[in-house]
**Q** 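Handing you a structure now.
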Amino acid sequence: MSEQKTVEKPWTGRFTEPTDAFVEAFGASVGFDQRMYRQDIQGSIAHARMLAHVGVLSDQERDEIIRGLTQIEAEIQAGDFPWSIALEDVHMNIEKRLTDMIGITGKKLHTGRSRNDQVATDIRLYLRDEIDGAIAPELKRLQSALIELAGREAETILPGFTHLQTAQPITFGHHMLAWNEMLQRDNERLQDCRKRINIMPLGSAALAGTTYPIDREFTAKELGFDMPGRNSLDGVSDRDFAIEFLSWASILLMHMSRFSEELILWSSSQFDWVDLGDAFCTGSSIMPQKKNPDVPELVRGKSGRVFGSLSAMLMIMKGQPLAYNKDNQEDKEPLFDAIDTVKGCLKVYADMMAQIKLKKENMREAALRGFSTATDLADYLVRNGVAFRDAHEVVGKAVALGVETERDLSEMKLEELQQFSEAIKEDVFDYLTLEGSVAARDHIGGTAPERVREAAKQAKELLKG
Ligand code: ARG
């Protein structure tokens with residue numbers, strides 16, 4: 001970044017003294033908003049087309065501007081654009097360069113427009129591009145990996161928990177589809193949030209609109225916006241769309257953080273249920289035996305960072321009167337950081353989940369411990385005429401015997417079980433197996449392998465949209 005103190009700012013007319021050097025650096029956003037250069041140029045080209053369409057610019061002026069902007073885009077891409085903090089932000093840097101390049105016509109581009117509606121437009125375009133180009137597809141890729149895994153592991157049994165205590169056997173596929181349900185809601189929420197992002201502030205000008213006969217429908221169409229915003233004051237000062245995106249990102253990361261917690265537990269030598277793959281883990285510089293689940297740990301950590309961005313954005317907005325205030329310049333870094341973080345988390349998770357290896361024997365072993373089929377025995381008794389509360393009591397006693405003698409219910413003799421209730425018959429063992437237990441939960445939303453296969457198919461369909 002060059003500090004061209006001699007650069008003439010476009011607003012110095014009413015000033016008699018130069019900007020304090022530190023204030024200049026303090027107030028500049030070009031260091032972080034230059035990443036929106038493509039959208040800024042796209043917005044300017046659409047604006048120039050609209051100005052020519054309504055007769056404010058001649059067709060020749062329009063073409064000159066478009067040619068200049070296209071060249072500027074190439075310069076930036078090639079890395080030889082003379083960015084200057086004296087010109088504050090991406091908008092004035094590009095506009096100044098255009099004027100240097102094409103002269104007086106460049107000075108006409110800003111007719112009927114302000115940086116206030118320009119920046120609001122750029123952010124919306126940028127966010128929309130990131131959602132459509134990377135975030136939504138990466139989210140779908142992660143969902144696909146989970147759905148695929150669920151279909152493959154529809155019969156793999158592990159203990160399900162409540163209170164992190166063994167509760168009932170479930171299938172691994174069912175567990176993966178639970179995560180997919182959350183991500184599917186995230187997916188739908190993202191598309192819903194996109195609707196409110198895709199509204200055009202351009203034309204709001206500084207705050208009150210403009211005296212030129214602008215055609216906002218025309219510009220909106222050029223830029224692929226669903227419509228021009230209905231109120232110019234709102235157009236320049238609204239950052240709800242960014243808050244909404246950050247809320248969305250926070251919910252997503254909260255889900256991913258919970259999922260991470262499970263993967264971290266499952267990777268421990270105490271659980272030893274999954275192998276995340278060497279490519280997604282690191283070792284320790286001192287302890288030779290270590291293989292650390294860095295990826296889920298980092299994602300769990302990064303969730304805090306995204307929640308922080310949401311919080312920052314809410315704080316930035318909460319005291320602002322209408323319309324634009326310079327506070328708004330602080331909106332970009334938390335938003336950009338969250339975009340980058342979400343993209344990274346989704347990418348690494350989609351890659352990792354496509355390669356995860358299961359240690360099925362260990363999961364099965366774990367499901368056999370902890371009396372995971374106790375509820376099945378109670379349900380069996382109910383089917384044989386015992387009231388549920390009495391059945392609960394009977395099974396509780398059988399479990400106590402199991403704890404005392406260190407055996408699972410399925411390992412007890414029929415006579416031993418029958419001392420607790422006469423309703424227990426020879427066929428009880430069909431219900432005490434893990435397979436019997438999961439197969440019996442055969443209804444919409446249940447863990448039975450058949451249901452899981454069906455649910456995986458439906459999830460895949462839903463994802464295709
Ligand atoms: N860099 C500014 C921002 O990010 C652009 C808008 C500046 N508008 C103004 N009136 N100073 O918000």
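Counting starts at 1 for both ligands and their atoms, in listed order.
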**Q** Under 3.5 Å between some N or O of ligand 1 and some N or O of Tyr324?
**A**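 Right, the criterion is met.
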**Q** Is the positively charged end of Arg128 above the ring of Phe241, judged by distance under 6.0 angstrom from the centroid and angle within 45° of the axis?
**A**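 No, Arg128 and Phe241 do not form such a contact.
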**Q** Name the atoms and distances for all side-chain donor-acceptor pairs under 3.5 Å in residues 42-49, with sequence neighbours left out.
**A**
from	atom 1	to	atom 2	distance (Å)
Ser44	OG	Asp40	O	3.1
Ser44	OG	Arg113	NH1	2.8
His47	NE2	Leu109	O	3.4
His47	NE2	Thr111	O	2.8
Arg49	NH1	Glu222	OE1	3.2

**Q** For Lys332, counting its heavy atoms only, list the atoms of ligand 1 lying under 4.0 Å from any of them.
**A**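 Within the 4.0 Å cut-off of Lys332, ligand 1 contributes 3 (C), 4 (O), 12 (O).
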**Q** Would the Phe259 and Tyr349 ring centres measure less than 6.0 Å apart?
**A**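 Close enough - the centres of the two rings lie under 6.0 Å apart.
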**Q** If you apply the rule side chain to side chain contact (heavy atoms under 4.5 Å, CB included), what do you find for Leu158 with Ile170, and how did you get there?
**A** CA-CA 6 Å; Leu158 75 161; Ile170 52 170; 3.7 Å; yes
**Q** Quick one: look up the protein heavy atom nearest atom 11 (N) of ligand 1 and list residue, atom name and how far away it is.
**A**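 Of every protein heavy atom, Arg115 NH2, 3.5 Å lies nearest to atom 11 (N) of ligand 1.
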**Q** I'd like to check which ligand 1 atoms, numbered from 1 as shown, lie under 4.0 Å from a non-hydrogen atom of Ser29.
**A**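 With Ser29 as reference, the close atoms of ligand 1 come out as 1 (N).
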**Q** Under 4.0 Å from any heavy atom of Gln329, which atoms of ligand 1 are there?
**A**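 This gives 1 (N), 2 (C), 3 (C), 4 (O), 12 (O) as the contact atoms.
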**Q** Show the atoms of ligand 1 that are less than 4.0 angstrom away from any heavy atom in Asp89.
**A**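 Answer, ordered by atom number: 1 (N), 2 (C), 5 (C).
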**Q** Are any non-hydrogen side-chain atoms of Phe336 and Glu130 less than 4.5 angstrom apart?
**A**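 No, every pair of side-chain atoms sits at 4.5 Å or beyond.
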**Q** Counting heavy atoms only, name the option from Val119, Asn116, Asp33 that's nearest to atom 8 (N) of ligand 1.
**A**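 Result: the heavy atom closest to atom 8 (N) of ligand 1 is in Asn116.
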**Q** Looking at residues at least two apart in the chain, or sitting in another chain, which of them share a side-chain contact (heavy atoms from CB on, under 4.5 Å) with Lys291?
**A**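 Listed in chain order: Asp275, Asp278, Cys281.
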